[in-house]
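Okay, structure first, notes after.
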There are 2 protein chains.
Amino acid sequence: MKLTSKGRYAVMALADLARFDNISPVSLRDISLRQGISLDYLEQIFSKLRKKEIVQSVRGTQGGYILNRKAREIKLTNIFDAVDEKVKTLQCKKESKKGCNGKSTKCLTHNLWDELENHINNFFDKKSLDDLVKSNFERKF
Amino acid sequence: MKLTSKGRYAVMALADLARFDNISPVSLRDISLRQGISLDYLEQIFSKLRKKEIVQSVRGTQGGYILNRKAREIKLTNIFDAVDEKVKTLQCKKESKKGCNGKSTKCLTHNLWDELENHINNFFDKKSLDDLVKSNFERKF
DNA sequence: GGAATACTTGACTATTTTAGTCAAGTTTAT
DNA sequence: ATAAACTTGACTAAAATAGTCAAGTATTCC
Ligand code: FES
Ligand code: FES
């Protein structure tokens, strides 16, 4: 089980952006340089974040991106959702009554994986971008 | 983030095996048929489980595998460890002082991913094979 | 002893996913 | 006008996954 770069970068980039929240737009070029993420890849990611209304774009020179909501209101869940980084522990389709083995009942481990998925998603539901910025701020003292 | 088949199958197969704990060895062929897992793949998995002393093999006709420890003492952590299904949320090396971006300090999200990793591993540390067998047993009534 | 069952090992491969790159635009501040 | 910066879509190399395949060894039962 591992976290993919897309999810990691999305959160990393937003954490960078959130530090300048409401001051001025941050260009992807700056994020790219500061965080060491490919500019082209960031563009892909921010295109998705914009579609899900997590960020707003400001075009033209001195443009960039700004948060579209308060940092406190942006949970990791929202970010992961936007970039399609999803937690997937079940093999079967959750809605279906069939099991992952093709049989008519759920497999021996179905409930276990379902619990695991909830356990992980709980973490993402709780953490906001704001928590992240604050914990980094405190780290400096 | 998703669970791989190797980890899923390892737990599924052991859950099947645990139901016959101390009665008689269970052949991989039976597990393969009941759980719908490729026999060749199961062999790979059980080879690893045997090396980590989670199961014992019984050769010959009527042979198979039996648990090497009490089901209560086999945690998911042990199983995942044996088959190399590891939780990996950090990009950087944990011991190193360098960040994932190659810089000399840890990145903005490092602590967050570290927390996440612990959160997930807690789940695996708590759950035992025994819990799994019992919850399936109860399900029948 | 011979056949059948079942474990054992190692190498090999197709498919899928990931992590990007590349190219050709459009928009806007200065 | 020009440069900075967003926008979109297609493409691709590399890695990981999920197995398969082949050849062999050990043990029990008849
Ligand atoms: S994971 Fe849902 S039935 Fe196996
Ligand atoms: S994940 Fe450890 S420094 Fe970024």
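Worth knowing before you read on, the calculation uses all heavy atoms, side chains too, and leaves out hydrogens, waters and symmetry mates. A note on names: the letters A, B, ... follow the listed sequences, proteins ahead of strands, and every chain is numbered from 1.
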Check salt bridge (Lys or Arg N to Asp or Glu O under 4.0 Å) between B:K48 and all other residues, then give those that pass, not counting sequence neighbours.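 Per chain and number, B:K48 pairs via salt bridge (Lys or Arg N to Asp or Glu O under 4.0 Å) with B:D84.
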
Kindly write out the residues that satisfy salt bridge (Lys or Arg N to Asp or Glu O under 4.0 Å) with B:K127, not counting sequence neighbours, or none if the list is empty. A:E115

Could you name each residue pair satisfying ring pair (Phe, Tyr, Trp, His ring centres under 6.0 Å) that touches residues 79-105 of chain A, not counting sequence neighbours?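 Qualifying pairs: A:F80-A:F124.
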
Of all of residues 77-89 of chain A, which get a heavy atom below 4.0 angstrom from DNA chain C, listed by number?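 The stretch gives none, as no residue of it lies under 4.0 Å from the strand.
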
Interface with DNA chain C, restricted to residues 45-60 of chain A and to heavy atoms under 4.0 Å: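 Heavy-atom contacts with DNA chain C come from A:R59, A:G60.
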
Contact check, side chains of [X] and [Y], non-hydrogen atoms, under 4.5 Å:
{"X": "A:E95", "Y": "A:K93", "answer": "yes"}
{"X": "B:N111", "Y": "B:K106", "answer": "no"}
{"X": "A:E117", "Y": "A:I120", "answer": "no"}

5' to 3' contact window, DNA chain C with chain A (heavy-atom distance under 4.0 Å):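 That gives a stretch of C:dT18 to C:dA29.
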
Under 3.5 Å donor-acceptor, B:R8 side chain and A:T89 backbone: yes

Residues from residues 10-18 of chain A lying under 4.0 Å of DNA chain D - heavy atoms: none

Could you list the donor-acceptor pairs under 3.5 angstrom formed between side-chain atoms of residues 55-70 of chain B and any protein atom two or more places apart in sequence or on another chain?
{"unit_1": "B:Q56", "atom_1": "NE2", "unit_2": "B:N68", "atom_2": "OD1", "d": "3.1"}
{"unit_1": "B:N68", "atom_1": "ND2", "unit_2": "B:E53", "atom_2": "O", "d": "3.0"}

Between the protein and nucleotides 13-19 of chain D, which nitrogen or oxygen pairs are less than 3.5 angstrom apart?
{"unit_1": "D:dA18", "atom_1": "OP1", "unit_2": "B:S5", "atom_2": "N", "d": "3.4"}
{"unit_1": "D:dA18", "atom_1": "OP1", "unit_2": "B:S5", "atom_2": "OG", "d": "3.2"}
{"unit_1": "D:dA18", "atom_1": "OP2", "unit_2": "B:S5", "atom_2": "N", "d": "3.0"}
{"unit_1": "D:dG19", "atom_1": "OP2", "unit_2": "B:Y9", "atom_2": "OH", "d": "3.1"}
{"unit_1": "D:dG19", "atom_1": "N7", "unit_2": "B:Q44", "atom_2": "NE2", "d": "3.3"}

To the nearest Å, how far apart are A:L33 CG and D:dA5 C1'? 13 Å

Non-neighbouring partners of B:N122 that pass side chain to side chain donor-acceptor pair (under 3.5 Å), sequence neighbours left out: none

Which residues satisfy the side chain to side chain donor-acceptor pair (under 3.5 Å) test with A:S24, sequence neighbours excluded? none

What are the two closest heavy atoms between [X] and [Y], and how far apart are they?
{"X": "A:K6", "Y": "A:I45", "result": "O-CD1, 4.1 Å"}
{"X": "A:K98", "Y": "A:S96", "result": "N-OG, 2.9 Å"}
{"X": "A:L132", "Y": "B:L108", "result": "CD1-O, 3.7 Å"}

Go through the structure and list residues passing side-chain contact (heavy atoms from CB on, under 4.5 Å) with A:D40, not counting sequence neighbours.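 Per chain and number, A:D40 pairs via side-chain contact (heavy atoms from CB on, under 4.5 Å) with A:S38, A:E43.
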
Do B:L33 and B:F20 share a hydrophobic cluster, counting only Ile, Leu, Val, Met, Phe, Trp and Tyr and linking them when any side-chain heavy atoms are less than 4.5 Å apart? no

